[in-house]
Amino acid sequence: MKSIKHIVIISTLFASMLTHVAAQELLSPDGRQKLEVGLSQEGRPYYKLVFRNKEVIKPSFLGLELQDQESLLDNFSLDSISTGTFDETWNPAWGEQREIRNHYNELVLYLKQQSTPNRLLNIHFRLYNDGLGFRYEFPKQENLSYFIIKEEKTAFALTGDHKAFWLPGDYDTQEYNTTTSNLSEVRALMSEAVTPNASQTSFSPTGLQTPLLLKSKDNLYINIHEAGLIDYACMSLNLDDKNMILKSWLTPDAVGNKGYLQTPAVSPWRTIMVSDKAADILTSRLILNLNEPTAFEDVSWIKPIKYVGVWWEMISGNSSWSYTSMENLKLDEVDYSQVKPNRTHAANTRRVKEYIDFAAKHGFDAVLVEGWNIGWEDWFGKSKDYVFDFVTPYPDFDVRELQQYAAERGVKMMMHHETSSSVRNYERHLDTAYRFMVEHGYNSVKSGYVGDIIPRGEFHYGQWMVNHYLHAIRKAADYKIMVNAHEAVRPTGLGRTFPNLIGNESARGQEYESFGGNTPDHLTILPFTRLVGGPMDYTPGIFQTDIKAYNPNNNSRVNTTLVKQLALYVTLYSPLQMAADVPEVYNRFLDAFQFIKDVAIDWDETHVLDAEPGDYIAMARKAKGKDEWFIGAITDENARTLTLSFDFLPKGKKYVAIIYEDSKDADFETNPQHYHIYKQTVTSKTKLKQWLARSGGVAIHIKEQ
């Protein structure tokens, strides 16, 4: 996208091959952040980060351990240093704000390793007002061309036993409830935190995933993550709980190696957001800014989507993905026209038309259909290579008829590609599958990677799979297709470079409310952790919170009030938002459903009104191109009253606010569907004292009067 302003200043300081280098200092543009970098007596590069005179990261060593070569850890001398400043404003294809400022001061250490003459390593630091990004850069050179990473040794030496909002370190899944504890308690709580999943590989009793949110005793909020994950293994963290040092821990491949690089090459950026205000973590754009500008000249085909779909009725156990009850099938040997149907298959032409009609009536963009294609009878847990072909429908799903039916009503169909993690099979079929989509009018796809990876031994977050996910995104762009990848590696801001990556799951989503439930504080933490790397397809909007109403054999409960489900459309950012419940339920609550119809999914501005991770979040957003605002506020298992200031509104104008609130007797366990809707005139001077039920919320639509 076109920059509005763009300023670059670079200067270079040549050093005289110094092994021990006195700390070099770099300040953020506003002076609040201070970075110190240098070399130890042993020639080990290190850094230190300070925020408003408070130490955030104590001196911490950097470097990499290589396989069968001398490591890039020590014996370095300083060849030169360059410093500079950069300032631009850019416009995302979609996002939480129309304009994003990318303003940083930078410093690059150009290092030479004395023990291996002329072996070079650069470490590039960018310091923003909201935090730090740094990465390793491997120039093209004679003595380092091809190399294998044994382990990256980036350290984050913390100043104390911080409060942490953490997920167990795992090579295959992020689908865990967040545990909140001091870091010193991680080891004792780990076994309880690791709950069952379709594919999971824990690696350490103190392993943690990023994005990791920390809160220090002196009330600093610190988020550690990575940006620009390309051709590299995903980073987790391993905690030294005696010294309170976090160390990078890369995901290995099938033989235990952690990366294969050829110079010139770069690592992803390692990121540290820090502030004394929780809200600043939610409004930081550091991760996006560290990614490259969009790779596409034309982004006009990339559009935010609000959709419904044939999904929740299967998730709840009321319907099935499969057409038959057969087992042990070979896809190329079954004639589905001759088999007995199970009569519970949801993705049939008649039922899908009902969703299309509902979408058309209420102004939704698209209809997702899962279970439309052959192979669902034995898709999971069989380590099956040829599991789906992605183009052959079941006999009761008429692709052409539904294409025409949807087009006549102005609705798009959304494709579903579950791979069952047979990635080799998916790549064989990828071009054919995307061509099929184009031929039948599909311009977006929800892909899934449930189960253990094939090729066997690879992990969801290893370098090989990281490259696969990006291959699928780039290939989709060739066909002008938008991608919403589930069970993929957690996002690291690549939506800036490849904006057709319009959604990800990569966390414990709403589906788990039907699998035993999510904790009430879960949704007050996700925006501080998982969502800092990119939007999440959480699939909000479940109004029937007692799952028995769909399936008498399922005792699960959605651990929110109905109004909290409305508020999620504001607090959980995504340009891809699903109204996840079934039409029959929405038809019973059309007054509340109106908020889902009205709420925007692309924004000009975002303001955090109040927030504390694990407790509550209140946000206001301005719809893109409209004088129209939406507020969402949610709380954890505790009822509370928040004071919402409307000072984000333009001064001197009156607006009408449509307020969707929990009724006074509402409670996520006893009265989740009790709500109240009313209107009120508001201005920039309005302050609203708003009560939220336990695991409840408020949703407000503000229009010019």
Counting the benzene-type ring for Trp, do F358 and Y355 have ring centres under 6.0 Å apart? no
Between CD1 on residue I302 and OG1 on residue T294, distance to nearest 0.5 Å: 6.5 Å
Would you compute the distance between atom OG of S275 and atom CG of D130 and round it to the nearest 0.5 angstrom? 8.5 Å
Within a radius of less than 6.0 Å around CD of E292, do more than 12 heavy atoms belonging to other residues, nucleotides or ligands occur? no
Within the structure provided, determine whether W603 and Y573 are in side-chain contact (heavy-atom separation under 4.5 Å). yes
Min side-chain heavy-atom separation T524-T635 under 4.5 Å: no
Are N554 and S514 linked by a side-chain donor-acceptor pair shorter than 3.5 Å? yes
On a heavy-atom basis, the closest approach of A592 and L562 is CB-CD2, 3.8 Å
Could you check whether atom NZ of K689 has more than 12 heavy atoms from other residues, nucleotides or ligands sitting under 6.0 Å from it? no
Can a donor-acceptor pair be found between the side chains of H486 and D537 at a distance below 3.5 Å? yes
Is there a donor-acceptor contact under 3.5 Å linking the side chains of T519 and D521? yes
Smallest heavy-atom separation, Q209 atom then R490 atom, equals OE1-NH1, 2.9 Å
Value rounded to 0.5 Å, distance of NZ in K163 from OG in S216: 11.5 Å
Do the charged groups of K548 and D546 touch, with an N to O distance under 4.0 Å? no
What is the distance from atom CG of D636 to atom CG of L692, rounded to the nearest 0.5 Å? 10.0 Å
Rounded to the nearest 0.5 Å, how far apart are CG of N223 and CZ of F528? 10.0 Å
In the structure I gave you, are the side-chain heavy atoms of L688 and Q680 within less than 4.5 Å of one another anywhere? yes
Return yes when atom CG of N587 has more than 12 non-hydrogen atoms of other residues, nucleotides or ligands closer than 6.0 Å, and no otherwise. yes
For the backbone of G625 and the side chain of D604, can you confirm whether one donor and one acceptor N or O come within less than 3.5 Å of each other? yes
Evaluate the side chain to side chain contact (heavy atoms under 4.5 Å, CB included) criterion for residues L208 and L183: first the C-alpha distance (whole Å), next the side-chain angles of each, then the deciding distance (0.1 Å), finally the verdict. CA-CA 10 Å; L208 305 170; L183 287 168; 4.1 Å; yes
Side chain of S663, backbone of D665: donor and acceptor closer than 3.5 Å? no
Quick one: does any side-chain atom of D602 pair with a main-chain N or O of K624 as donor and acceptor, under 3.5 Å? no
Can K412 and D365 be counted as an ion pair, charged N to O under 4.0 angstrom? no
Is there side-chain contact between F646 and Y655, with at least one heavy-atom pair below 4.5 Å? no
D615 and R640: side chain to side chain contact (heavy atoms under 4.5 Å, CB included), yes or no, with the steps? CA-CA 10 Å; D615 294 338; R640 68 182 74 242; 3.8 Å; yes
So which of F86, F134, W269 actually passes ring pair (Phe, Tyr, Trp, His ring centres under 6.0 Å) with Y104? F86
R621 and T606 side chains, donor-acceptor separation under 3.5 Å: yes
Main-chain N/O of P499 paired with W94 side-chain donor or acceptor, under 3.5 Å: yes
Does E55 have any salt bridge (Lys or Arg N to Asp or Glu O under 4.0 Å) partners at least two apart in sequence or in another chain, and if so, which? K48
Do the numbers put R285 on top of the ring of W90, so that NZ or CZ is under 6.0 Å from the six-membered ring centre and no more than 45° off the axis? no
Side chain of S556, backbone of G516: donor and acceptor closer than 3.5 Å? yes
Check for a donor-acceptor pair, side chain of N559 on one end and backbone N or O of E513 on the other, with a separation under 3.5 Å. no
Say whether E175 and Y512, considering side chains only, have a donor N or O and an acceptor N or O under 3.5 Å apart. yes
Any heavy-atom pair between the side chains of R508 and T195 that's under 4.5 Å? yes
Please check this pair: side chain of T89 against backbone of R101, looking for a donor-acceptor N/O pair closer than 3.5 Å. no
F593-H362 aromatic ring centre distance below 6.0 Å: yes
Using 30° and 60° as the class limits, which term best fits the ring planes of Y660 and F595: parallel, tilted or perpendicular? perpendicular
Counting only heavy atoms not in K626, do more than 12 sit closer than 6.0 Å to its NZ atom? no
What I want to check is whether the side chains of Q565 and T560 have a donor and an acceptor closer together than 3.5 Å. yes
Which heavy atom of Y569 sits nearest to which heavy atom of G541, and what is that distance? OH-CA, 3.3 Å
Are D627 and K653 close enough that some pair of their side-chain heavy atoms sits under 4.5 Å apart? yes
Closest non-hydrogen atom pair between V532 and P527, with its separation: CG1-O, 3.7 Å
Any non-hydrogen side-chain atom of I631 less than 4.5 Å from a side-chain atom of F648? yes
Give a yes or no on whether K217 atom NZ has more than 12 heavy-atom contacts from other residues, nucleotides or ligands under 6.0 Å away. yes
At what distance, to the nearest 0.5 angstrom, does CG of L220 lie from CG of L158? 11.5 Å
With no hydrogens and no angle check, is any side-chain donor or acceptor of K306 less than 3.5 Å from a backbone partner on I596? yes
Under 3.5 Å, is there a donor on one side chain and an acceptor on the other for T210 and E226? no
Between Y675 and D591, do the side chains contain a donor N or O and an acceptor N or O under 3.5 Å apart? yes
Pairing donors with acceptors under 3.5 angstrom, does anything connect the side chains of N504 and Y469? no
Does the plane of the ring in F543 sit parallel, tilted or perpendicular to the ring in Y586? Use 30° and 60° as the thresholds. perpendicular
Start with the C-alpha gap between I547 and W312, add the side-chain angles, then the distance that decides, and say whether side chain to side chain contact (heavy atoms under 4.5 Å, CB included) holds. CA-CA 10 Å; I547 308 301; W312 186 249; 3.6 Å; yes
Looking at P535, is its backbone amide N or carbonyl O close enough to the side chain of R530 to form a donor-acceptor pair, meaning the two atoms are under 3.5 Å apart? yes
Measure from the side-chain N and O atoms of E605 to the backbone N and O of K622, and report whether any donor-acceptor pair falls under 3.5 Å. no
Counting the benzene-type ring for Trp, do F364 and Y307 have ring centres under 6.0 Å apart? no
Around K277, counting heavy atoms of other residues, nucleotides and ligands shown, do more than 12 lie under 6.0 Å from its NZ? no
Candidate pair V570 and I700, rule side chain to side chain contact (heavy atoms under 4.5 Å, CB included), full reasoning: CA-CA 10 Å; V570 183; I700 304 175; over 6 Å; no
Is the shortest heavy-atom distance from the side chain of V599 to the side chain of L566 under 4.5 Å? no
Which heavy atom of D581 sits nearest to which heavy atom of Q544, and what is that distance? OD2-N, 3.1 Å
Of all heavy-atom pairs between L286 and I272, which one has the smallest distance, and what is that distance? CD1-O, 4.5 Å
